[in-house]
Amino acid sequence: MIPTLDIDPFCQAFFDDPFPAHAAMREAGPVVFLPAYGVHAVARYDDVRAMLLDWGAFSSARGVGLSDFAKEKPWRLPSLLLETDPPLHDRTRGLMDKVLSPAAVRALRASFTTAAEALVDELLAREAFDAIADLAEAYPLSVFPDAVGMPPENRRFLLPYGNMVFNSFGPRNDFFQAAVADAEPVLAWVVAQSKRSALAPTGFGAVIHAAADEGIVTEAEAEVLVRSLLTAGVDTTVNGLGAALYCLARFPGEFQRLRADPSLARAAFEEAVRLESPVQTFFRTTTRDVAIGDETLPEGSKVLMFLGAANRDPRRWDRPDDYDITRKNAGHVGFGSGIHGCVGAVLARLEGEAVLTALARRAAAIEVDGEPKRRYNNTLRGLSSLPVRLRAA
Ligand code: OVP
């Protein structure tokens, strides 16, 4: 018998405090049923990880949201990375692995570092500011669109667009409807920015389009792959940086450890991704009868993976709710795992390292200075506002 739990993982009360529900799902068994949406769910670390690795049984091609593309027409052209299985996924992912290769990202290190230092200096001069709007949003918007090769105008449009897409993986609830209304004015802009003619001759966008010349992808496919960068490249890092700043402000002892050894910046960012898990959930769809624990799910079952619950599973982690910048956190699933594991993680980690290194070198303390406000999104976990004071070293 698969336990049935009366949990709505896409409502405000859940987003405000998901942790008791995460624990209830983990404790009920390896797989549970959520009648609120008629889906199964997995929240234990070992089972989430096994699902992420078994792409043959747990397909992404029927969508990684609640909607089953075999039953409902996708609301947008499916992503050629996120919403595909091999063999198509191997071809598109192979290209994106090259576009975002360690060498390509290494070439950005100097400019990303300079931008982080300049922004942190500006914020130190202000002293009091909003860590979300003025740092977690401002920094990615200042470096990522340049790396893609986008023109300078309207970059902020990437925020409502990302917010809409990440809401679309959940139900068609009020959060989704509000996000659609917000993003409607920027939809045509995003499509236009994906075109070869809109992109600079150097940058990730140009490299993707050059692959069309070699016949690796079609021009139409290149546009959809650029769209993936525009969709997933900003809002994710905004919430990753936001998570790191929120952790460092709440765990002042860890900020002092970071100051004492700024080379821990990368580790401090990684641990924030584990603890806060900016991407909380994704679905898979079973391709056949498949066993989870002692239970068998039939073909065509939507299964929700709770990455955030896996990343705090006490079966896997000591003191799972503590932010510990020297924790051995390898194997956390904040960037997913397996063939769909985050293709932009190298870039995200560079952004995290650049910002946290600048803070470690220049700030003496970062303190919460007002009521943090939670952001509500069907997939992303983060804050909409975090008033802080930054004291200079
Ligand atoms: C977190 C992601 C998220 C949203 C969109 C896409 C990818 C895409 O490929 O379009 S990965």
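Atoms within a ligand are numbered from 1 in the order they appear, just like the ligands themselves.
- Between Ser79 and ligand 1, an N or O atom pair is found at a separation short of 3.5 Å.
- Classified by interplanar angle (parallel below 30°, tilted 30° to 60°, perpendicular above 60°), the ring pair Phe204/Phe144 is tilted.
- Atoms of ligand 1 lying under 4.0 Å from any heavy atom of Phe166, numbered from 1 in the order shown and given with element: 1 (C), 3 (C), 4 (C).
- Among protein heavy atoms, the minimum distance from atom 2 (C) of ligand 1 is reached at Ala232 CB, 3.5 Å.
- Of all the heavy atoms of His340, none lies under 4.0 Å from any atom of ligand 1, so neither backbone nor side chain is involved.
- Side-chain polar atoms of Asn163 and Asn377 form a donor-acceptor pair below 3.5 angstrom.
- Polar contact with ligand 1: present for Ser228 (N/O pair, distance under 3.5 Å).
- Residues that satisfy the side chain to side chain donor-acceptor pair (under 3.5 Å) test with Arg288, not counting sequence neighbours, are absent from this structure.
- The protein heavy atom nearest to atom 11 (S) of ligand 1 is Leu82 CD1, 3.8 Å.
- In this structure, Met96 does not count as a contact residue of ligand 1, since none of its heavy atoms falls inside 4.0 Å of the ligand.
- To the nearest 0.5 Å, atom NE2 of residue His332 and atom CG of residue Asn329 are 5.0 Å apart.
- Under 3.5 Å, the side chains of Thr326 and Arg257 contain a donor-acceptor pair of N or O atoms.
- Here the protein heavy atom with the shortest distance to atom 10 (O) of ligand 1 is Arg76 NH2, 2.9 Å.
- Counting only residues at least two apart or in different chains, side-chain hydrogen bond (donor to acceptor under 3.5 Å, both in side chains) contacts with residues 349-360 comprise Arg109-Glu353, Arg266-Glu353, Glu270-Arg349.
- The ring of Phe282 has its center closer than 6.0 angstrom to the ring center of Phe169.
- For atom 5 (C) of ligand 1, the nearest protein heavy atom (residue, atom name, distance) is Thr231 CG2, 3.5 Å.
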